[in-house]
Amino acid sequence: MQTGLTTAILPSGEAAVAAAARALAAGALVAFPTETVYGLGADATNPAAIARLYQAKGRPAFNPLISHVGELAAARRIGRFDATALKLAEAFWPGPLTLVLPKTAGCAVAELATAGLETIAIRIPSHDIARAILRAFGGPVVAPSANLSGHVSPTTAAHVRSDLEGRIDLIVDGGPVEVGVESTIVGCFEAPMLLRPGGLPREAIERVLGRPLMQPPADAESDSAQPLAPGMLASHYAPRTRVRLNADKVEPGEALLAFGHPAQGADSAAAVMNLSPRCDLNEAAANLFGYLRALDEKRARSIAVMPVPDEGLGEAINDRLRRAAVGRD
Ligand code: TXA
Ligand code: MG
């Protein structure tokens with residue numbers, strides 16, 4: 001469904017950065033690359049812009065957004081950092097880590113962006129273009145992944161366009177992203193909790209903390225209750241085609257998402273894409289969403305997915321694959 005907007009698409013560069021900052025200040029919706037996935041940005045202090053953002057994505061309004069800032073001082077104006085949060089920020093920002101913290105008393109981010117929660121999700125991205133836009137704009141920018149709600153996250157400007165053309169004002173094209181899965185989300189509660197595995201491996205965080213991250217309670221995953229990290233909605237990342245996990249062979253009519261040496265039956269598969277022939281988990285993460293989108297286009301009976309080891313970025317890959325495998329209406 002189009003809303004009739006003309007979506008400008010600009011190659012990254014100084015002119016695009018300036019246009020993006022101007023558009024954000026005017027309350028417009030701007031998609032831009034981060035190191036994890038493309039984000040759909042809006043001025044975090046402008047409730048009308050945020051309302052349009054939820055509408056453009058078709059996103060349930062109870063699902064809160066991440067506020068992106070350019071530097072730690074700006075983050076500290078909106079979130080209350082304890083010693084653990086500071087330690088994580090200093091170790092991993094800028095980078096693919098989001099911290100969920102109590103809001104400060106004077107937090108300028110609109111209530112609509114935090115969906116009425118007392119906490120706020122904050123991240124400093126490392127991508128040059130994202131940082132340049134944040135610097136030029138000068139305030140916090142909310143940016144969910146730049147896809148329609150329920151679709152897989154975009155890792156190229158073309159993915160953004162296919163979901164959101166006609167619904168947003170500007171796309172800054174910075175080429176394919178580097179990491180390919182969304183940021184890791186850590187809740188800085190009494191004990192730090194892994195709310196979403198992502199582009200920063202759990203192991204790296206635990207090394208800095210010197211202790212394991214807590215797991216959220218099992219019922220936080222449910223689709224019905226207000227979830228702890230609402231992006232954990234079970235079917236958050238589903239393609240239209242059914243996804244079959246842990247496949248050791250390809251059934252007739254299936255497409256194959258391979259990892260390493262392709263499974264038995266690959267030769268007669270409807271389509272084959274290999275996340276990483278050499279079993280490199282970083283390469284697999286970077287390819288994941290693009291390949292899921294491409295295989296979804298083949299309209300195969302289902303997509304058979306080979307097992308991926310559950311370590312490093314494999315934890316985030318397996319998390320997204322499990323969500324992709326949950327059936328939707
Ligand atoms: O890599 C990323 O994080 C990308 C890029 C664009 O930065 N953004 C992204 O945003 O993935 P989004 O909106 O698709 O996912 C944000 C997640 C959601 O699962 C949301 O529920 C959770 O962050 N979240 C936001 N605020 C929260 C809060 N106060 N408490 C718990 N979870 C929160
Ligand atoms: Mg998303």
Side-chain angles (χ1 to χ4, degrees), residues 2-46 48-57 59 65-71 73-75 93-96 98 109-110 113 122-148 151-183 199 286-287 289-290 293:
Q2 308 250 311
T3 56
L5 279 179
T6 304
T7 305
I9 302 170
L10 295 176
S12 66
E14 272 173 41
V17 167
R22 267 197 316 273
L24 288 169
L29 305 180
V30 178
F32 60 89
T34 82
E35 72 280 18
T36 56
V37 299
Y38 274 73
L40 178 59
D43 177 354
T45 66
N46 180 339
I50 297 165
R52 286 184 58 221
L53 189 154
Y54 281 118
Q55 193 187 22
K57 273 185 67 86
R59 165 176 242 182
L65 305 170
I66 299 173
S67 292
H68 295 66
V69 293
E71 60 198 13
W93 279 352
T98 294
V109 172
I122 310 175
R123 142 170 149 81
I124 303 183
S126 65
H127 195 291
D128 283 349
I129 298 166
R131 300 200 75 191
I133 292 172
L134 289 168
R135 218 177 304 122
F137 174 63
V141 171
V142 285
S145 48
N147 51 275
L148 286 174
H151 284 190
V152 294
S153 294
T155 55
T156 66
H159 296 161
V160 178
R161 202 174 159 186
S162 87
D163 271 20
L164 296 177
E165 183 154 42
R167 305 176 73 99
I168 65 175
D169 302 282
L170 174 62
I171 301 173
V172 178
D173 185 350
V177 301
E178 201 181 302
V179 177
V181 291
E182 302 86 348
S183 60
N287 288 331
F289 290 142
R293 276 179 187 257

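Any value given below was found using the heavy atoms of this structure, including those in side chains, with hydrogens, waters and symmetry copies removed. In what follows, residues are counted from 1 in the order of the sequence shown.
Among S153, P144, P96, the one residue that satisfies the side chain to side chain contact (heavy atoms under 4.5 Å, CB included) test with V37 is S153.
Atom CD1 in I133 sits 10.5 Å away from atom OG1 in T34 (nearest 0.5 Å). The distance from atom OG1 of T6 to atom CG of L170, rounded to the nearest 0.5 Å, is 12.0 Å. Going from atom CD1 of I171 over to atom CD of E165 covers 6.5 Å, rounded to the nearest 0.5 Å. Separating the CD1 atom in I168 from the CG atom in L53 is a distance of 9.0 Å, to the nearest 0.5 Å. Separation of atoms NE2 (H151) and CZ (R293) is listed at 7.5 Å; rounding is to 0.5 Å.
Across all non-hydrogen atoms, the minimal contact from P94 to P125 is CB-O, 3.3 Å. Counting all heavy atoms, side chain and backbone alike, A31 lies closest to A146 at CB-CB, 4.1 Å. Minimum interatomic distance between A23 and V30 (heavy atoms only, all atoms of both residues): CB-CG2, 3.7 Å. In plain terms, the two heavy atoms of P140 and V109 that are nearest each other are CG-CG2, 4.1 Å. A pairwise comparison of heavy atoms in A136 and A21 identifies CB-CB, 3.7 Å as the closest pair. Of all heavy-atom pairs between G180 and T155, the closest is O-CG2, 3.7 Å.
Under the 4.5 Å side-chain criterion, counting only non-hydrogen atoms from C-beta, V142 is in contact with I50. A 4.5 Å side-chain heavy-atom check between H159 and V177 finds every atom pair outside the cut-off. Side-chain atoms of L134 and F32, non-hydrogen and from C-beta on, never get closer than 4.5 Å to each other. A heavy-atom distance below 4.5 Å is found between the side chains of L29 and L40.
Checking side-chain atoms of Y38 against main-chain N and O of A158 turns up no donor-acceptor pair under 3.5 Å. A donor-acceptor pair is defined here as one N or O able to donate and one able to accept, closer than 3.5 Å; such a pair exists between the side chain of T7 and the backbone of G166. A side-chain donor-acceptor contact under 3.5 Å links D163 to the backbone of L148.
Within the structure, salt bridge (charged side-chain N to carboxylate O under 4.0 Å, His left out) contacts touching residues 124-140 (residues at least two apart or in different chains) do not occur.
Using a 3.5 Å distance cut-off with no hydrogens or angles, the side chains of S183 and T36 do not pair a donor with an acceptor.
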**Prompt:** Is there a side-chain contact (heavy atoms from CB on, under 4.5 Å) between D169 and R52 once you walk through the steps?
**Reply:** CA-CA 11 Å; D169 302 282; R52 286 184 58 221; 3.3 Å; yes
**Message:** For N147 and K57: C-alpha separation, side-chain torsions, deciding distance, then whether side-chain contact (heavy atoms from CB on, under 4.5 Å) applies.
**Reply:** CA-CA 6 Å; N147 51 275; K57 273 185 67 86; 3.7 Å; yes
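Taking a cutoff of 4.0 Å between a charged side-chain nitrogen and a carboxylate oxygen, R123 and E35 qualify as a salt bridge.
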